Each structure stands twice: as C-alpha cells, then as structure tokens.
Amino acid sequence: MSATQNDQMSGSSQGNGATKPAVDIVEVAPRDGFQVVKPFIETDLKIRIIEALAASGLKRMEIGAFVSPKAIPQMADITEIMQRVTLPAGLRTAVLVPNRKGLEMAVEAGVKDIHWVVSVSESHNQNNVRRSVNESLQELRAAWEGVQRDDVRVRFNLATAFDCPFEGRTDESAVFACLDAALAFLPPGEIGIADTTGRAATDHVRSLFTSLQERYGPQGVTFAFHGHDTYNLGVANALAAYDAGIRSFDGAAAGLGGCPFAPGASGNTATEDLVFAFEHMGVSTGIDLEALLNAADLAMTVAPELAAGRIRQVPRARALSGFGAASQGIAA
Ligand code: COA
Ligand code: ZN
C-alpha cells in the first residue's frame with residue numbers, strides 16, 4: 001500500500017492550519033510493559049489497567065503474550081485475562097507469540113491479531129527465543145501454513161532492527177534479508193520494526209523506514225514503529241518515522257517496558273508522550289489524553305521505579321490545556 005493509500009485509510013486531521021495524516025497507536029504496556037516487572041502483578045489489576053487503557057479510545061492493544069511461563073512468568077495468566085477482560089467492540093486486541101505453540105494457543109483463544117517476534121540478530125534471537133533466526137522463520141512458515149485463516153492477521157515483529165545489545169548496530173541488509181524471507185510466505189500486511197534497545201538515532205530511523213517503504217511499499221506492506229526511550233530519543237524517533245511516512249506506532253503507558261533478554265534496554269516510549277506530541281502537531285490519534293493519563297497513572301503503580309515518560313509529570317491542567325493553535329496558557 002502506498003503512503004497515500006495508507007493516509008486515506010487512516011483519515012487525516014486538521015491542526016495548525018495544515019492537514020496531516022492521522023496515526024494508529026498500539027498500546028503495548030500490558031505485554032512489553034508488564035513482562036519486565038518481576039513481582040507477579042495480580043490478574044485483577046492487569047485487567048483493570050487494560051480496561052482503563054481501552055477506555056481512552058485506543059483502537060489497538062497488545063494485551064499479553066503466549067510465551068513460556070518459565071521464560072516470562074508475568075505472562076502466565078494471559079488466557080485468564082482474555083476470558084475475563086471486558087473490552088470495547090472496536091478494539092483490536094493483539095498478543096505476542098514466539099513460536100508455533102504460542103500461535104496455536106492464540107488462535108484457539110480467539111485472538112485475531114498475532115504479533116510474531118523474530119530478531120534480526122542471531123545472538124538476540126538465541127537469547128530471546130532459543131532459536132536461530134532461520135529456525136524462527138521456518139517455524140513461523142510452518143505454523144502460519146497450519147493455522148492460516150482469513151480473519152487472523154500475523155504482524156511480523158522484527159526485533160533488534162536498529163541495534164542489538166550483543167552485536168551493536170544492525171545492518172540494513174540484515175533487516176532486508178529477514179523481511180525477504182518472511183514475505184516469501186506471509187501475506188502483505190503490517191510489519192513491526194522494533195528499536196529493542198532504544199539506541200537508534202533519529203537519522204537511522206528516518207533512513208531505515210525510507211528504505212523499507214521504497215523496497216516493500218509497492219508489495220502492499222506497511223510498517224509500525226516500536227520504539228524504546230532508553231536514550232531519551234523515543235518521541236524524536238517516532239516523529240522521524242512519521243516524517244518518513246510511518247502511521248502506526250507502539251507505545252507503553254507510563255513508559256514501562258523492556259525485553260528481559262536485552263540487557264540495557266529500558267521502557268517503551270510512553271504512549272501519553274506520543275499522543276501529546278502527535279496531537280500538539282495536529283496529527284489525530286483518536287485518543288483522549290486525559291483518560292490515557294489516568295490509565296497511565298494506574299499502570300505506573302505496578303512498578304513505580306520503572307515508570308518513565310514526561311507528560312505524566314507535567315501539572316495535569318497544563319498538559320491538557322489544548323494542542324497546537326488551541327493551546328492555552330495555564331499558570332498553575
Ligand atoms: N506459550 C505457553 N507455553 C509455552 C509456549 C508458549 N508459546 N512455548 C513453550 N511453552 C511451554 C512448554 O510447553 C514447556 O512447558 P513444560 O516445561 O511445562 O513442558 C515450556 O514452556 C518450555 O518449552 P520449550 O519448547 O522447551 O521452550 P524453550 O524452553 O526452548 O523456550 C520459548 C523457547 C520460545 C518458548 C521461550 O524462550 C519463550 O517463551 N520466549 C519468549 C521471550 C519473550 O517473550 N521475550 C520478550 C518479548 S520480545
Ligand atoms: Zn519492546
């Protein structure tokens with residue numbers, strides 16, 4: 001799909017006198033955010049947070065992962081969460097899976113959006129899912145051919161697409177090689193490109209997304225940016241991706257997150273920071289920032305010591321005092 005078609009699908013918004021394409025925000029705090037929290041978060045609290053996030057108008061959310069409970073004990077209650085949570089009909093709920101068993105369990109549980117994670121770098125893939133990159137790709141191929149259904153979408157999530165905690169900067173050619181292999185059997189759709197460590201610089205984000213869209217856009221592939229804020233570049237990187245034509249962004253409320261198998265990675269870019277930045281620029285997210293901030297305050301309680309993001313720390317009246325041309329000075 002071309003950038004223009006994509007813009008037409010997602011609509012556009014009026015802000016600062018200009019028309020700008022809207023964005024889709026995918027909330028990942030219940031998966032990326034919670035997976036890094038060591039003490040088990042009670043299922044009731046997880047459900048309350050997921051429901052509060054959904055009430056902010058989010059249209060997409062990763063609500064957990066079907067992974068080995070030995071690898072990530074925090075995700076062990078995903079089936080119970082799916083059975084008990086009450087979500088708006090329009091919300092696209094997704095889960096992350098690392099292997100065939102996860103894909104099959106997710107389909108069995110009725111999930112329609114499945115995010116399959118593979119790392120570009122061999123060492124992170126081994127550390128994360130105990131497979132070579134090629135083994136992960138072959139397993140995805142067999143698993144997808146086994147469950148393929150019109151109403152189920154697989155988003156191929158490419159981790160360490162910019163930087164690997166063990167191998168350093170990732171070559172663009174390695175990203176292409178993974179995507180060429182996956183797109184040989186997956187239908188064109190959305191692909192998640194992750195800055196797992198948060199170490200990508202803004203020029204790198206811009207150049208990789210520009211190349212990816214040139215190479216795969218004509219096949220009908222679109223991309224989502226999954227950013228981490230370890231080096232305080234999360235929002236800047238998202239805006240660079242937006243300038244390069246990306247319209248789908250992962251974020252985690254309260255800036256929680258991090259891969260337990262990627263040393264040195266900290267939280268995702270805070271969803272509320274992304275929403276503030278986009279709305280202030282006149283880019284519609286469809287999200288009520290006040291409701292999102294309240295949900296982020298609740299999400300923060302699971303691990304206050306890991307929470308991050310800026311907008312939650314601004315006096316609430318100021319943060320909510322209008323965007324763009326409608327911005328009002330609030331002295332409080
Ligand atoms: N969902 C739930 N349980 C799963 C599972 C899944 N997707 N995959 C495996 N299991 C269970 C197995 O049934 C087995 O249980 P048992 O010991 O009670 O028999 C156990 O987990 C180990 O299974 P095995 O196939 O031997 O896996 P492994 O130990 O080689 O680990 C992965 C491989 C991929 C399952 C594991 O590394 C994993 O879950 N990684 C996810 C990492 C992650 O989420 N990272 C953060 C996001 S990027
Ligand atoms: Zn992540």
Side-chain angles (χ1 to χ4, degrees), residues 26-38 61-82 94-109 111 114-121 123-133 135-140 143 146-147 154-166 192-200 224-231 233-234 237-238 249-271 274 306 308:
V26 185
E27 174 58 54
V28 299
R31 196 278 300 170
D32 209 326
F34 293 173
Q35 73 185 11
V36 80
V37 178
K38 286 276 179 328
M61 192 177 340
E62 231 179 44
I63 64 166
F66 284 95
V67 295
S68 162
K70 290 180 183 136
I72 312 261
Q74 192 63 262
M75 294 291 118
D77 55 353
I78 178 62
T79 303
E80 185 183 350
I81 291 171
M82 290 207 49
V95 294
L96 183 119
V97 306
N99 61 359
R100 181 176 194 142
K101 177 168 179 149
L103 182 73
E104 289 170 353
M105 288 174 81
V107 171
E108 174 71 24
V111 183
I114 296 170
H115 297 175
W116 179 296
V117 61
V118 178
S119 306
V120 182
S121 75
S123 46
H124 186 259
N125 208 59
Q126 284 289 356
N127 219 36
N128 198 34
V129 298
R130 299 170 191 273
R131 285 156 172 75
S132 71
V133 174
E135 283 166 347
S136 280
L137 288 164
Q138 293 315 317
E139 188 167 341
L140 169 57
V147 304
V154 169
R155 178 172 114 174
F156 185 66
N157 260 12
L158 203 49
T160 65
F162 299 90
D163 174 77
C164 166
F166 312 107
I193 298 293
D195 179 18
T196 306
T197 59
R199 203 171 161 79
F225 178 49
H226 176 100
H228 283 256
D229 201 21
T230 318
Y231 298 88
L233 288 168
N237 283 342
F249 295 86
D250 291 1
L256 296 169
C259 174
F261 305 103
S266 72
N268 284 92
T269 310
T271 314
L274 290 174
L306 298 177

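Numbering starts at 1 and runs along the sequence shown. Order of appearance sets the numbers: ligands from 1, and atoms from 1 within every ligand. Since we're looking at a predicted model, the values are computed, not measured.
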Counting only heavy atoms closer than 4.0 Å, does ligand 1 sit against the backbone of [X], its side chain, both, or neither?
X: His124; result: neither
X: Met75; result: neither
X: Ala71; result: side chain

Please identify which atoms of ligand 1 are closer than 4.0 Å to at least one heavy atom of [X].
X: Gly102; answer: 7 (N)
X: Pro69; answer: 3 (N)
X: Met105; answer: 1 (N), 2 (C)
X: Phe66; answer: 1 (N), 6 (C), 7 (N)
X: Asn99; answer: 5 (C), 6 (C), 7 (N), 8 (N), 9 (C), 35 (C)
X: Arg131; answer: 33 (C), 34 (C)
X: Lys70; answer: 16 (P), 17 (O), 18 (O)
X: Gln35; answer: 46 (C), 47 (C)

Does some side-chain heavy atom of [Y] sit less than 4.5 Å from a side-chain heavy atom of [X]?
X: Asn99; Y: Val129; value: no
X: Val28; Y: His115; value: no
X: Asp32; Y: His228; value: yes
X: Phe162; Y: Ile193; value: yes
X: Val133; Y: Val118; value: yes
X: His226; Y: Asn268; value: yes
X: Leu306; Y: Val37; value: yes
X: Thr269; Y: Phe249; value: no

Q.
Could you report the tightest heavy-atom contact between Thr197 and Asp163, atom names first, then the distance?
A.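 For Thr197 and Asp163, the tightest heavy-atom pair comes out as OG1-OD2, 2.6 Å.
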
Q: Please list all pairs passing the salt bridge (charged side-chain N to carboxylate O under 4.0 Å, His left out) test where one or both residues lie in residues 249-267, with sequence neighbours left out.
A: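 Output for this query lists Arg155-Asp250.
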
Determine, counting only non-hydrogen atoms of the protein, whether one lies under 4.0 angstrom from [atom].
atom: atom 40 (N) of ligand 1; answer: yes
atom: atom 19 (O) of ligand 1; answer: no
atom: atom 1 (N) of ligand 1; answer: yes
atom: atom 30 (O) of ligand 1; answer: yes
atom: atom 26 (O) of ligand 1; answer: no
atom: atom 14 (C) of ligand 1; answer: no
atom: atom 8 (N) of ligand 1; answer: yes

[X]: heavy atom below 4.0 Å from ligand 1, yes or no?
X: Val97; value: no
X: Ala159; value: no
X: Arg31; value: yes

Q: Answer yes or no: does an N/O atom from Val67 fall short of 3.5 Å to an N/O atom of ligand 1?
A: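 Such a contact does occur with ligand 1.
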
Tell me, which protein residue and heavy-atom name are nearest [atom], and how many Å apart are they?
atom: atom 21 (O) of ligand 1; result: Ser68 OG, 3.1 Å
atom: atom 43 (C) of ligand 1; result: Asn128 OD1, 3.6 Å
atom: atom 28 (P) of ligand 1; result: Arg130 CD, 3.7 Å
atom: atom 12 (C) of ligand 1; result: Lys101 NZ, 4.0 Å

Using distance only, find each side-chain donor-acceptor pair of residues 64-73 under 3.5 Å and give its atom names and separation, not counting sequence neighbours.
from  : atom 1 : to    : atom 2 : distance (Å)
Ser68 : OG     : Lys70 : N      : 3.1
Ser68 : OG     : Ala71 : N      : 3.3

Q: Would you please name every residue forming a side chain to side chain donor-acceptor pair (under 3.5 Å) with Asn128, sequence neighbours left out?
A: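 In terms of side chain to side chain donor-acceptor pair (under 3.5 Å), with neighbours along the sequence ignored, Asn128 is linked to no residue.
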
Q) Within 45° of the six-membered ring axis of Tyr231 and under 6.0 Å from that ring's centre, is NZ or CZ of Arg199 located there? A)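 Yes.
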
Q.
Does Gln138 have more than 12 heavy atoms from other residues, nucleotides or ligands lying within 6.0 Å of its CD?
A.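 More than 12 heavy atoms, drawn from other residues, nucleotides or ligands, come within 6.0 Å of this atom.
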
Q) Hey, what do you get for CD1 (Ile114) to CE (Met105), rounding to the nearest 0.5 Å? A)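 So the gap between those two atoms works out to 12.0 Å.
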
(Q) So, taking the atom named CG in Leu96 and the one named CD1 in Ile63, what distance separates them when rounded to the nearest 0.5 Å? (A)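 With rounding to 0.5 Å, CG (Leu96) is 12.5 Å from CD1 (Ile63).
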
Side chain [X], main chain [Y], donor-acceptor under 3.5 Å:
X: Asn127; Y: Phe261; value: yes
X: Thr160; Y: Val120; value: yes
X: Glu139; Y: Arg100; value: yes

Q) What protein N/O/S atoms lie closer than 2.8 Å to the Zn ion (ligand 2)? A)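 For the Zn ion (ligand 2), the protein N, O and S atoms that sit under 2.8 Å away are Asp32 OD2, His226 NE2, His228 NE2.
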
